[in-house]
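As structure tokens, the structure follows; a few thoughts come after it.
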Amino acid sequence: MTNAAELKARRENAVAKGVSTRGIYAVRAQNSELWDADGKRFIDFAAGIAVNNAGHRHPRLIEAVTKQLEAFTHTCFHVAPYESYIRLAERLNAATPGDFAKKTMLVTTGAEAVENAVKMARAFTGRSGVIAFSGAFHGRTLLGMALCGKVAPYKKAFGAMPPEVFHIAFPNGYHGVTPEMSLAQLDQLFKSSIDPDRVAAIIIEPVQGEGGFNIADFDFLKKLRQVADDHGILLIADEVQSGIARTGKMFAFEHAGVAADLVTMAKGLAGGFPLSAVTGRAEVVDAAPVGGIGGTYAGNPLAVAAANAMLDIIEDEGLCARATEIGARITARLKSIAAQQGMEPIGDVRGLGAMIAFELVKNRETRDPDPALTQAIVAEAEARGLIILPCGTRANVIRLLPPLTTPGDQVDEALDLLEAAIEAAIMKTYG
Ligand code: PMP
């Protein structure tokens, strides 16, 4: 039995089945490479699901965390606060879009950031309704799963959802949902289900992550901002996956040139240390009563040190520009692969910066999803030493999330592996 096979057997015996896992048992990782328990090398184009934006173990991140380890590891910000948390809040207030006074709270996971943003919106507006989108992913906590716009597996077995959560269709040009249709659904929702005066917030991922890397039309985001303003509804940008330089800007919302009232971020923020944040209008953030938000580990000093280092790295190494470059390089190659004969199952190639995806279909005309081929490509890539992730409400999208520090030759190596994997998977699936 190989080491990985042995770990798999132990994992099956000891770890909850509902926690999904791949077969790659990590032992070591550096920048864009990862080695597993059998000593096999992988190029990691999952980056811990959009977390290691500056690669694994960036030296400046390790240095900052090591320094913090030697000072203190935990005091609880509620008990003995520290300067690094305050500095990070100041920096996030300055970095998020919007020319207004802002404040920040730190928590630990993306779901927690989302929960806290909704709590703030409810406290500020005195309203309870929340509107989210089909295909959305906002986390696995009770409210998080209610906000998700996909039933299986997120809310299939888990009983009653928290009330006052409504969904409208996310615009998706490839599948014929126009921005106008989404706005019409919002209008209809106000007529049929909830008075806009009772809606606290609309929450949207500017680029849907788990839902399939669907990019919100920028003009649609502007119009959504307008509708929210017309009704005193707050706009929450969930930038947990799309934020922190991933799309070529610090936050994907910046592409649309409008500001959300609250921004949630996590994942790339601390490059692998558990940290998330809600940053937004000072008066909204401050609406939550003292003691009503926070947590024992919220804003852990090691994770905060990592986040402060991460913001320096993004700036000093020009990671926003790097995201745009890598994204253009990968998207161009994918488009040329898709144009080859035999590659008809690649129905769509899309991306914003280094948040890139391609959609697998049984037929380019009907655009029927091909989840089996999608799984096969992921498996073939893994066999060749490339880690990629599937996503999409129809499980037929492959997303590429390269670390923004990936050297050019490894980007090309990964794309060669991917092309071979797609060819092999198509061959096996369609003969
Ligand atoms: N929001 C978005 C947009 C996400 O992509 C995710 C995680 N995939 C979450 C929230 C939840 O984050 P976490 O898993 O850290 O709770």
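Values below: all heavy atoms of this structure, side chains included; hydrogens, waters and symmetry mates excluded. As the structure lists them, so they are numbered: ligands from 1, and atoms in each ligand from 1.
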* Structure fact -> Nearest heavy-atom approach of R399 to C391 is NE-CB, 3.5 Å
* Does G209 come within less than 4.0 Å of ligand 1, judged by its heavy atoms? -> no
* Mind checking whether F218 and H255 have parallel, tilted or perpendicular rings, split at 30° and 60°? -> parallel
* Taking the six-membered ring for Trp, are F137 and Y154 ring centroids under 6.0 Å apart? -> yes
* Asked: With distance as the sole test, does D238 use its side chain to make a donor-acceptor pair with the main-chain N or O of I203 at under 3.5 Å?
  -> no
* **Distance filter under 4.0 Å to T109 heavy atoms, resulting ligand 1 atoms** => 15 (O), 16 (O)
* Which ligand 1 atoms, with their elements, are less than 4.0 angstrom from a heavy-atom of Q241? -> 5 (O), 8 (N)
* Asked: Is any side-chain heavy atom of V65 closer than 4.5 Å to a side-chain heavy atom of F273?
  -> yes
* Asked: Against heavy atoms of A111, which atoms of ligand 1 measure under 4.0 Å?
  -> 11 (C), 12 (O), 13 (P), 16 (O)
* Between H167 and F133, ring centroids under 6.0 Å -> no
* Asked: Which residue and non-hydrogen atom of the protein lie closest to atom 2 (C) of ligand 1, and at what distance in Å?
  -> F137 O, 3.3 Å
* To do: Tell me which one of H138, E210, K267, Q208 gets a heavy atom nearest to atom 10 (C) of ligand 1.
  => H138
* Would you check whether R140 reaches within less than 4.0 Å of ligand 1, judged by its heavy atoms? => no
* Kindly confirm or rule out a cation-pi arrangement of R41 over W35, judged by NZ or CZ under 6.0 Å from the six-membered ring centre and within 45° of its axis? => no
* **For E205, the ligand 1 atoms whose distance to one of its heavy atoms is below 4.0 Å** => 3 (C)
* Asked: With I202, which of I236, L224, I168 fulfils side-chain contact (heavy atoms from CB on, under 4.5 Å)?
  -> L224
* T141, V207, I204, V240: member with heavy atom nearest to atom 4 (C) of ligand 1 -> V240
* atom 13 (P) of ligand 1: nearest protein contact (heavy atom, Å) -> G110 N, 3.4 Å
* To do: Tell me which protein heavy atom sits closest to atom 1 (N) of ligand 1, plus the residue, atom name and distance to 0.1 Å.
  => D238 OD2, 2.7 Å
